[in-house]
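Worksheet: one structure, shown below.
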2 protein chains.
Amino acid sequence: MHSDLWIEEKFSDFLGLRIKVEKVLFSGKSEFQSVDVVETKGHGKMLLNDGLIMVTERDEFAYHDMIAHVPLFVHPNPKNVLVIGGGDGGTAREVLRHASVEKCTMVEIDAMVVDACKEHIPQTSKDLEHPKMNLIIGDGVKFVNETTEKFDVIIVDSTDPIGPAQPLFGEAFYQDVYNCLADDGIVVSQGESSWYAMDIQQSLLKVLNSVFPNSYLYSFSNLTYPGGLWSFTFASKQYHPCRDFNPERVSESGLSFDYYNANLHTAAFALPSFALNGLKGLIAND
Amino acid sequence: MHSDLWIEEKFSDFLGLRIKVEKVLFSGKSEFQSVDVVETKGHGKMLLNDGLIMVTERDEFAYHDMIAHVPLFVHPNPKNVLVIGGGDGGTAREVLRHASVEKCTMVEIDAMVVDACKEHIPQTSKDLEHPKMNLIIGDGVKFVNETTEKFDVIIVDSTDPIGPAQPLFGEAFYQDVYNCLADDGIVVSQGESSWYAMDIQQSLLKVLNSVFPNSYLYSFSNLTYPGGLWSFTFASKQYHPCRDFNPERVSESGLSFDYYNANLHTAAFALPSFALNGLKGLIAND
């Protein structure tokens with residue numbers, strides 16, 4: 001019945017990615033966005049918010065490895081971690097693999113995303129009931145403004161700066177993030193792509209630089225995001241993402257990864273010249 | 001008239017990339033393949049062979065920087081360079097920027113590709129008439145088998161291993177490449193993607209390992225190739241691509257690049273774990 005169903009994500013008015021859909025597993029409309037889970041050919045199950053591909057089972061490990069393990073291996077002893085967004089659960093899943101982590105608070109605004117992933121994508125959502133998890137359905141912007149907790153690492157696992165995620169790209173939010181980070185805290189955020197969204201990167205980095213002493217950008221490969229070469233920002237009150245990274249901690253952890261490794265950690269901060277030029281003065285990558 | 005024309009490249013039976021076409025500039029059928037040049041929205045002019053995207057003006061610099069400058073900055077004094085394929089001219093253009101290069105021989109099998117690019121894509125083809133160029137329309141497989149020249153660097157700028165490029169992935173070809181390389185020669189080849197074409201990478205690396213002491217894989221970002229994270233292989237009779245690379249030679253060259261830089265040179269050899277695992281025993285990347 002669904003033999004001829006394709007999803008097309010229009011990256012822009014000139015570029016689109018089409019993926020063959022085997023079956024629609026869930027389709028709903030929350031107060032924030034439309035939420036769909038589909039079974040695809042070749043990419044496993046896929047989550048879409050407002051028609052944009054968020055996660056596919058085939059390549060989600062790349063995104064979740066790099067958003068979680070880079071800050072958690074730079075911070076020498078991350079105990080208290082906050083995830084803003086990340087409703088599919090993949091980021092929390094990776095955070096919880098670190099033995100030092102005592103508590104992972106996750107603040108996702110859209111219950112429908114969490115519920116749909118819990119029911120249909122256990123690959124990412126399987127640890128959302130973990131005893132160390134503190135899952136809050138609520139507004140991350142409000143949470144960081146009101147909490148009195150201090151976090152070692154904050155991960156902003158947001159969608160693009162349209163719809164519910166827009167305030168997560170603003171200065172007020174990052175001032176609050178700064179205030180609820182420990183003195184040696186680190187914040188890592190979904191950082192878009194230098195190929196097609198340099199303007200968003202510039203604006204996010206300007207905000208980070210108005211609050212943190214230094215900001216950095218690091219890259220990874222995403223199969224279904226426009227441009228492929230996607231990125232995260234890294235800002236910290238005191239740590240350098242490479243000079244304060246001890247590769248031995250990765251082997252000592254006993255963890256293995258499908259994407260992340262110690263060499264790639266440092267290599268991810270080496271950017272193509274066009275990205276370095278476009279972000280000149282905004283990033284402290286050497 | 002062409003307002004509703006899109007090109008769709010089917011990456012596989014489940015994934016396709018669609019790009020809006022403004023105008024068809026050239027469309028022909030040679031004895032080897034179909035050759036099309038179109039003006040796109042957002043990506044400038046684009047060359048397609050057999051319907052597969054080869055080059056777009058917007059991102060060709062990434063491919064051509066990384067295929068040319070990695071070997072040419074590892075070899076301490078590259079004078080005589082051979083390019084197999086590369087009919088659009090972009091690889092030769094980058095080779096010719098190196099002051100040490102005295103001669104760049106390019107052997108492209110399909111005159112139609114060269115002619116179409118000369119007429120419609122001067123951005124890549126502009127140096128094909130350069131006084132140091134030795135452009136041969138002919139079979140690269142036959143050329144390396146018959147030549148008595150010795151080359152410092154050989155670049156195999158081929159299409160996928162279907163159609164005319166198939167022999168460029170075989171052992172007989174690489175044995176001949178070895179024989180016409182100088183004692184400290186380097187060969188770099190288009191190396192597909194670990195995301196969607198690991199089997200081709202494995203088979204190419206097996207061939208390289210049967211001829212060269214060590215083989216390596218390095219990555220770069222391509223906007224319009226399936227998987228985004230694309231790669232080149234590196235094999236040499238004696239040089240290590242990172243340990244024998246002196247970053248100072250890049251700054252001393254006075255050249256500037258939109259993609260390549262000295263940090264990225266080394267970083268490109270740091271691969272994601274799934275690629276390292278899939279290519280275990282076949283690459284000497286550390």
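Order of the sequence lines fixes the chain letters, A, B, ..., with proteins taken first and strands second; residue numbering starts at 1 for each chain.
For Asp65(A), no part lies near chain B; criterion is any non-hydrogen pair under 4.5 Å. With a 4.5 Å cut-off on non-hydrogen atoms, Phe61(A) touches chain B through its side chain but not through its backbone. Neither the backbone nor the side chain of Ala262(A) comes within less than 4.5 Å of any heavy atom of chain B.
Residue Glu248(A) places its CD atom among 12 or fewer non-hydrogen atoms of other residues, nucleotides or ligands, all under 6.0 Å distant.
Using a 30° and 60° split on the angle between ring planes, Trp195(B) and Tyr259(A) fall in the parallel class, below 30°. Under the 30°/60° scheme for interplanar angles, the aromatic rings of Tyr196(B) and His43(A) are found to stand perpendicular.
The CZ atom of Phe274(B) lies 6.5 Å from the OG atom of Ser221(A); values are rounded to the nearest 0.5 Å. Interatomic distance, CG of Asp258(B) versus CG of Leu276(A), reported as 11.5 Å (0.5 Å rounding). Put simply, CG on Asn222(A) and CG on Leu229(B) are 11.0 Å apart, with the number rounded to the nearest 0.5 Å.
Across Ala267(A), Ala275(A), Pro272(A), the residue that shares the most heavy-atom pairs under 4.5 angstrom with chain B is Pro272(A). For the options Gly228(A), Ser256(A), Ser273(A), heavy-atom pairs under 4.5 Å to chain B are most numerous at Ser273(A).
For Asn261(A) (side chain) and Leu271(B) (main-chain N/O), a donor-acceptor pair under 3.5 Å exists by modelled atom type.
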